[in-house]
2 protein chains.
Amino acid sequence: MARAKNVLWIMCDQLRYDYLGCTGHPTLKTPNIDAMAKRGVLFSKAYVQSPICGPSRMSFYTGRYMRSHGSHWNGWPLRVGEPTLGDHLKKIGVRNVLVGKTHMAPDLEGMKALGIPPESMIGVHVAECGFEPYERDDGLHPTGRPRPKYDEYLRSQGFEATNPWEHWANSGAADDGSLQNGWLLVHADKAARVPDEHSETPYMTRRAMDFITEAETDGRPWCLHLSYIKPHWPYIAPEPYASMYSTSDIIPVIRSERERSSPHPVFGAYMDMRYSRNMARDEAREKVIPTYMGLITQIDDQMGVLMQFLEERGLLDTTMIVFTSDHGDYLGDHWMGEKDLFHEQSAKIPLIIIDPTREADATRGTRSDALVEGIDLAPTFVDYFGGKVPGHILEGRSLLPLLRGPTPSDWRKVAFSEYDYAMQDVRLKLNQPIERCRLFMVFDGRWKYIHASGFRPMLYDLETDPEEYVDRGDDPECAGIIARLQAELFDWALHPNDHITTPREKIAAYADNQLQVRGGVLIGIWDEKELAAIKDGIAQRAKM
Amino acid sequence: MARAKNVLWIMCDQLRYDYLGCTGHPTLKTPNIDAMAKRGVLFSKAYVQSPICGPSRMSFYTGRYMRSHGSHWNGWPLRVGEPTLGDHLKKIGVRNVLVGKTHMAPDLEGMKALGIPPESMIGVHVAECGFEPYERDDGLHPTGRPRPKYDEYLRSQGFEATNPWEHWANSGAADDGSLQNGWLLVHADKAARVPDEHSETPYMTRRAMDFITEAETDGRPWCLHLSYIKPHWPYIAPEPYASMYSTSDIIPVIRSERERSSPHPVFGAYMDMRYSRNMARDEAREKVIPTYMGLITQIDDQMGVLMQFLEERGLLDTTMIVFTSDHGDYLGDHWMGEKDLFHEQSAKIPLIIIDPTREADATRGTRSDALVEGIDLAPTFVDYFGGKVPGHILEGRSLLPLLRGPTPSDWRKVAFSEYDYAMQDVRLKLNQPIERCRLFMVFDGRWKYIHASGFRPMLYDLETDPEEYVDRGDDPECAGIIARLQAELFDWALHPNDHITTPREKIAAYADNQLQVRGGVLIGIWDEKELAAIKDGIAQRAKM
C-alpha cells in the first residue's frame, strides 16, 4: 500500500530573499536550508501578493489575490465563506494543520449573521482560516492581549512574569543581566533572556514534531503549516545566535542619494516613517542586522533538527517540503525599514520546494527563474495530494509542472502584488481617501511597474538597474513599457475569480449541451417547426 | 407617535425604458404609472449593472456590482456571506419581504460547508437572498421544475393540468380555443387561456396586498419587493390586453443597415443568435410588440389597483414607492432580441421613486437626468429607513439627496454595467475562453464605451447618434475619448468594495488614534527616549 503523502510547509516571517547562503548571502550560514535547496528547486523570482503579514498570508491560505479575499491588512477579518486551502484539502481527506502563526482574524460578525458558533468545529475551521490549530501562536504578545501557550511553557521552565513572552524571550539582557526592552532597536544587540532551547523557534519546531508524531497514529495525510515568527521583530536572539554575527558580516547597504531627491510621493512618505528614518541610520543597521542574521541561523539549525527527525521517521520519501517566507524586510535598504513597498528586499521571498516523487528527480538542486506567486502554493498542494484544482476559485497555479520539468510555455508573464496603506500614517501624510490608498505591482521579470492610485506610477528596470535605484515612472522614454504593464494590470483587474460558486465545468456544459432548451426554456423560437428542428439537433448530438 | 416607514419596491421584468407614457411612448397607455411619476421623480438615465435578470437582480439586492457579488448569470448562486439588502435592513429592524421573482439560486454547497441548514431561519434568509419569501415565484415554470403556488391557485380556479402555469396562463388560445404553445413567438398574438383576473400580474398584486394587510397587525416596518414576471416572455397576454394594441401602435424599429456591415465581433455574434434573427423579422415584431404593450398596460392597471389600496389604508404618506425594471428588451431594435448588450433598449430602465416625505415635495413630477445605477436602491432604502449606509460594502449611493434637492456636485460622472456571455452560444461562436467572456460598459451621459475582453472596444456617441447606430470603437478620432473612459474603467476595476468585514470608520480610527503603539506593538522605535516621546504625544492628543 502506498504511504500517505504529506506536506510540511515551513514559513518564516519577514525573511527576505537574499538572507540565505543558497540565495547568495556571503557571510550568513544556513547549511541546512542550503542542503534543502539541493534536494529541491529554489525559486529565484517568487513574490508575495502583499508585502505585509496579514494580507500576504491570507493570499497564501486562500490561493487568491488580495483584491479577491479582501483582507487588506493585519487584523482585517477574512470574510466568512471565503474558501481556504483547508476547505479544498478537507474535500480530499487531508488535514490542514497549523503550528505557529497565521495572523488570521475571524469574521465574528459574519459568523454571527450566519449562526455559526465560533467554538463549533466549523466555527473553529472558519475562525482559523481553514486550519486545525494544533498550536496557534501569532508571535506578537504585548501585555493585555490573549496569551499564547508558549507563555505557559516558559513559566513551566521557571521564567515567571506577567508576560513571559515579552519579559524573558523578547527582552534583552544587559551585561549585568538587567532587562532591556526588546521592542527597541537600540537593544537588538543584546541576548534574549532565555537560552536557545526555550526560545520561540526551537519551541515551535518541537511542537511540529509533536504533531507529526501524533499524526502517525491518526493515519490521515496532512499538510502541516509550521509558521515561525522569526526573524520578525522584536529583533532579539538568544545565545549563541546573539553573538554569532558582527558588524563585519553585514552586506553593504543598498541605497542611493538619488532616491531621496524628489522621490515619488508614496515612496517619500514611507522613507519618512519613523521606522524608516531609524533603520536608515547605520547605527540601527549595526544593531539589528547581526541579530536578524543570528535568528536566521537559529532557524537553519532547527531545519537540521527537523530534517533529521523526518528522515528517522521515514517521512522524507512521502513529504513535500516547502520553505518560504511571508515577505521581506528592508533593513535600511532604500532608506526604508519594515516592508510596505515592492522593492526586491520587500516583495520577493525565498522559496524552496522539495517534491519527493521520482518525477521531480531531474530538477533537484536546480534554480527556477519562473515568475512565481505566493498564491501558487495552495494549488500546488491540492495538486500534490491528487485533488482537482478548483480553477474558478484559486488564482494561483500549481507548481508541480515546474518541479517536474521545464516551465510550461503558457506560464504567467507577469506577477502581481498589492498594498493598501489606509491603516498607516502614510495615508494622513498623503491626505488620501481611505478607499484610494492602493498600490499595485506588475513585474515581468525585468520591469517592475507600480500603480499608485491618485499618483503617477513608479517603474524600475531590474536589468540595467538591479538595485532599483532609478524610478523611471515619469521618464517619457518608458511610456511604452508603462502602457504595456498598465494594460496587464487593467486586464488582471477586470478578471478576478469572483464567481466562486460556479465552476467552469458547469459553465462549459451549459452552452455545449444546450441545457437551456433542454430545460424547457425556449427563448425567441419562432414556431413549432423551428422548435422541432432544434430538438432534433439536440437529439442527434446526444447520439454522437 | 410617528407611523412606521415602509418601502414598496415594484419591479417589472424586461420592461424597457421607453415603453411607458411618461417616458415618451406615443401609443402605449400607462396612466397610472404616469401619475406615479407626477408624484415622484422620474430618472431618465438609470442603468442596470448587467442587462440580464440574475446578475442585474443580484446587484439590486446586494447594492454591489457584478464583479463584487460574483453571480454573473441566471442560476449562478450568490455566495454565502455576500451581504444583501435584507442583511442591512434586518440590523435596523425592517422586514425585507418578497412577493414574486428574484432569480436567486442558493449556494447550497457553501451553506453545507458552513453547516447552515437550508430550512433554518438563517438558511432561508441566505437561500432567498435576504428576503422573507411571502410568495416567491420566479415566473418561468417549464414542466419538470418545482411548481409555484400560482399553479395551485390556477387549479383552485378550475384550470387543471400537469403544468397549469404553462398550459393555461402562458399558452395561447387559437380561435377554436385549442392550445397554442406560448413560448413560440408565432403565437404571441393569441390571448392567454385565462381571464385577466387569474393571470400572473393581478395574482401577484393581490398577494402583495395580502402581505400589506397582514403586516398591519405585525407592526414592524417593511420593504416589500413586488416583483412581476411580466412583460418578460412568454409573450402572451390575457384579454382585454391581448387585443388592446395592434401593429399600427408599434413605434418604428431602431436599426440601421450600417450595423450589419462589419459589426464588432461580439455584436455580430449576438445579431446572429436565433432570438435575434427571429426578432429582427417584422413578422415577429408585429406578433410580439402589441402583446408586450398589452402586458405593460395590464401592469399599469394593477398599479391603479395597488395605489388605491395604499391610499385607502393610509399608507401613501409613509411608504416610499419605487417602480422599475431589471433590464430592457431589444424587441428587434439593432437587429437584436432579448437584452445582452448595452444599447439603451437593453441596459436602461425606467425608474420612478416617490419619496412621501415633505422634504421631497420640491422634486415631485420632475425628471432627473443624473446617472443612476440599480445598485443605488439598496443604499437609498437603508437611508430612507434611517440606517447608516455601510459604504465599505455597498457600491451604490443613496438617491435621497436627489429626491430632495439638486444633484450633489460630487455625484458619479460615469455609470457601469457588466456582462458575461460564458453561458451562451456566443462564447462558442467567438471561441473565447470561459473566463474571458466579459463585457463592461462605461457611460458618461454622452459617450458609451464598451470594453470587450479580447476584442477592440465599442463606442457610441449618444449626443450626435442617439439611436446608437454608429460604433466608433475603431475610429482614430475617438482615441482620446476611449482612453478617458478606459481610464475610468481601470480605476473602477482596481477599487472594488472587497473588504466587507472592515468598515472605513475602523480604518480611520487606527491611524488617527495611533492604535498600534497604544496596543503595545512598537515598530522600529529606537530607544526609551523616543518611546517616551511617542507615548507622551499620544497622551497629549487624548487630552485635546
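Atoms considered below: every heavy atom in the structure, side chains included; atoms not considered: hydrogens, waters and symmetry mates. Residue numbering restarts at 1 for every chain, and letters A, B, ... go by the order of the sequence lines. Just so it is clear, the model here is predicted, and its values are computed rather than measured.
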Going through the checks in order, is the side-chain contact (heavy atoms from CB on, under 4.5 Å) test met by A:Asp491 and B:Arg436? CA-CA 10 Å; A:Asp491 196 70; B:Arg436 300 191 58 81; 2.8 Å; yes

Run B:Trp233 and A:Leu522 through side-chain contact (heavy atoms from CB on, under 4.5 Å) and show every step you take. CA-CA 9 Å; B:Trp233 41 259; A:Leu522 313 175; over 6 Å; no

Would you mind checking which part of B:Val126 comes under 4.5 Å of any heavy atom in chain A, side chain (CB onward), backbone (N, CA, C, O), both or neither? side chain

Would you indicate whether A:Lys506, at its atom NZ, is surrounded by more than 12 heavy atoms from other residues, nucleotides or ligands within a distance under 6.0 Å? yes

Please examine the side chains of A:Ile534 and B:Arg274, heavy atoms only from C-beta on, and report whether any two atoms are closer than 4.5 Å. yes

Could you tell me whether A:Asp527 and B:Lys287 have a side-chain N and a carboxylate O separated by less than 4.0 Å? no

How about CG on A:Asn431, more than 12 heavy atoms from neighbouring residues, nucleotides or ligands closer than 6.0 Å, or not? no

Residues B:His495 and A:Ser453: side-chain donor-acceptor under 3.5 angstrom: yes

Is A:Arg281 positioned over the aromatic face of B:Trp526, cation under 6.0 angstrom from the ring centre and no more than 45 degrees off axis? yes

Lys/Arg N to Asp/Glu carboxylate O, A:Glu530 vs B:Arg277, below 4.0 Å: no

If you measure from CD1 on A:Ile507 to CH2 on B:Trp73, what distance do you get to the nearest 0.5 Å? 11.0 Å

Determine which pairs satisfy salt bridge (charged side-chain N to carboxylate O under 4.0 Å, His left out) with at least one residue from residues 66-82 of chain A, sequence neighbours left out, and list them in order. A:Arg64-A:Glu82, A:Arg67-A:Glu395, A:Arg79-B:Glu82, A:Glu82-B:Arg79

Assess whether side-chain contact (heavy atoms from CB on, under 4.5 Å) is satisfied between A:Leu494 and B:Arg438, documenting all intermediate values. CA-CA 8 Å; A:Leu494 288 178; B:Arg438 302 297 309 277; over 6 Å; no

What is the distance from atom OH of B:Tyr510 to atom CZ of A:Arg427, rounded to the nearest 0.5 Å? 12.0 Å

Hey, is the main chain of B:Asp107 close enough, under 3.5 Å, to the side chain of A:Thr501 for a donor-acceptor pair? no

With side chain to side chain contact (heavy atoms under 4.5 Å, CB included) as the test, pick out the partner of A:His499 among B:Met66, B:His69, B:His72. B:His72

Against A:Trp183, only a single residue in B:Ile523, B:Ile525, B:Val521 fulfils side chain to side chain contact (heavy atoms under 4.5 Å, CB included); can you say which? B:Val521

Within the side chain of A:Asp498, is there an N or O that forms a donor-acceptor pair under 3.5 Å with the backbone of B:Ser68? no

B:Glu109 atom CD: more than 12 heavy-atom contacts under 6.0 Å: no

